[in-house]
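Computed from a predicted model, the values in this text were never measured in an experiment.
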Amino acid sequence: MLTRTLYDACPLCGANETRSTLVADCSKHPLYHPLLAPKITWLLCGRCEHIYTDGYHTAEALRVIFSKTNNNQQVGYDIENQRVVSARMIEKMLAYADHGDWCDIGFGNGSLLLTAREYGFTPVGIDLRTDNVETLRQLGIEAHSVDLGAFVQPSRFRVVSMCDVLEHMPFPADALRQVHALLQPDGLLLLSMPNTDSIVWRIFDSAETNPYWGELEHYHNFGKQRLYQLLAETGFTPLRYGISERYRFCMEVIARKRN
């Protein structure tokens, strides 16, 4: 069985004051493989109250997970409806930027980039699923299959989006600092992810029907308050909060790079 690389401290604040919150079953996840552990252990940091898994997948485990792709993560999935959802996201950004290079990290079905091009942005995609990268290239979009840390394009982008991606990254603070380097002065960051501070999260928790505890690819659960603290720590100023239409219980945040 493929085991995780265990955290030796909270991946956000570095504290060792942790306790287990719950153990969830991930064996019913559509990307689950019998080589992977069927349970996920979630921890709570006693210092900063961040919620995270006890470890993150090894490169070998990720190869197993990425050997399959959910339908909604394939380029072109439900393209007409996804275009409308993406348009509403982009229209929120237009108050802050209406042109320039836009990089979408973990672009999934590609809808946000394809729609951003309609609005006049120059789209660039990063994703670890090589089939998606090739498909996007065939549509005339610059795309890269590379880890964020190896993508070096200093101060190139007016906008960087990480939609339902930050919670997949073992060390989110490092990822945000890398994004900071990609952005132009006063560049913009668009984030979306589940919000543990929302009432709907608490209601589904109480009913023991919250789907995110068994999410195989997630390492973190953020609330709005802890996310805003992390943004401040990594050089960003939040500008706008909203509710995301992409997935259940999710928030959507626009932030600006501090120079």
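Here the CD1-CG distance, from Ile254 to Leu189, works out to 9.5 Å after rounding to the nearest 0.5 Å. His168 NE2 to His220 NE2: the interatomic distance, rounded to the nearest 0.5 Å, is 10.0 Å. To the nearest 0.5 Å, the span separating CG on Leu136 from NE2 on His144 amounts to 10.0 Å.
Each ring pair (Phe, Tyr, Trp, His ring centres under 6.0 Å) pair with one or both residues in residues 10-48, not counting sequence neighbours, appears once here: Trp42-Trp213. Every pair passing side-chain hydrogen bond (donor to acceptor under 3.5 Å, both in side chains) that includes a residue from residues 79-93 is listed here, sequence neighbours excluded: Asp78-Asn81, Arg83-Glu118, Ser86-Ser111, Arg88-Glu245, Glu91-Tyr119, Lys92-Glu252.
By the 6.0 Å contact criterion, CD on Glu60 is open, its count of non-hydrogen atoms from other residues, nucleotides or ligands being 12 or less. Within a 6.0 Å radius of CG in Leu62, other residues, nucleotides and ligands contribute more than 12 heavy atoms. Counting non-hydrogen atoms of other residues, nucleotides and ligands closer than 6.0 Å to CD1 of Ile79 gives a total of 12 or fewer. Open room surrounds CD on Gln225; 12 or fewer heavy atoms of other groups in view lie less than 6.0 Å from it. At most 12 non-hydrogen atoms from other residues, nucleotides or ligands lie less than 6.0 angstrom from CD of Glu49.
The closest side-chain donor-acceptor pair between Asn210 and Asp205 falls under 3.5 angstrom. Gln178 and His180 share no donor-acceptor pair across their side chains, judged by distance under 3.5 Å alone. A donor-acceptor pair shorter than 3.5 Å cannot be found between the side chains of Thr122 and Trp102.
The shortest distance between side-chain heavy atoms of Pro123 and Phe107 does not fall below 4.5 Å. Side-chain contact between Val253 and Ser192 is absent, with no heavy-atom pair separated by less than 4.5 Å. Within the 4.5 Å cutoff, the side chain of Asn109 has no heavy atoms near those of the Asn71 side chain. Residues Cys163 and Met89 meet the side-chain proximity criterion, which asks for heavy atoms closer than 4.5 Å. Put simply, the side chain of Tyr241 reaches to within 4.5 Å of the side chain of Met251, judged on heavy atoms.
Salt bridge absent: Asp54 and Arg4 never bring a charged side-chain N and a carboxylate O closer than 4.0 Å. Using a cutoff of 4.0 Å between basic side-chain nitrogens and carboxylate oxygens, Glu233 and Arg226 are scored as salt-bridged. Residues Lys224 and Asp197 are not paired through a salt bridge, judged by the lack of any N-O separation under 4.0 Å between the basic side chain and the carboxylate. Under a 4.0 Å N-O distance rule, the pair Arg156/Glu142 qualifies as a salt bridge.
Cation-pi geometry between Arg158 and Tyr96 is not met at under 6.0 angstrom from the ring centre and within 45 degrees of the axis. A cation-pi geometry, defined here as NZ or CZ lying under 6.0 Å from the six-membered ring centre and within 45° of its normal, does not hold between Lys257 and Phe236.
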- Message: For Leu148 and Asp174: C-alpha separation, side-chain torsions, deciding distance, then whether side-chain contact (heavy atoms from CB on, under 4.5 Å) applies.
- Response: CA-CA 10 Å; Leu148 175 59; Asp174 291 347; over 6 Å; no
- side-chain hydrogen bond (donor to acceptor under 3.5 Å, both in side chains) assessment of Asn221 paired with Thr196: CA-CA 7 Å; Asn221 281 324; Thr196 64; over 6 Å; no
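In this pair, His50 and Phe222 present their aromatic rings tilted. The plane angle is within the 30 to 60° band. Ring geometry for Phe171 against Tyr7 counts as perpendicular: the plane angle is over 60°, on a 0 to 90° scale with 30° as the lower cut.
For the residue pair Lys39 and Cys26, the shortest heavy atom distance occurs at N-SG, 4.1 Å. Considering all non-hydrogen atoms of both residues, Tyr219 and Gly55 come closest at CD2-O, 3.9 Å. In plain terms, the two heavy atoms of Val152 and Pro154 that are nearest each other are C-CD, 3.7 Å. Residues Arg47 and Cys13 approach most closely at NH1-O, 3.6 Å, considering heavy atoms. Between Ser20 and Thr41, the shortest heavy-atom contact is OG-CG2, 4.0 Å.
Tyr56 and Leu216 fall within the same hydrophobic cluster, defined by Ile, Leu, Val, Met, Phe, Trp and Tyr side-chain heavy atoms under 4.5 Å apart, directly or through other members.
No donor-acceptor pair closer than 3.5 Å links the side chain of Thr115 to the backbone N or O of Leu112.
A ring-centre distance under 6.0 Å is not found for Phe121 and His99.
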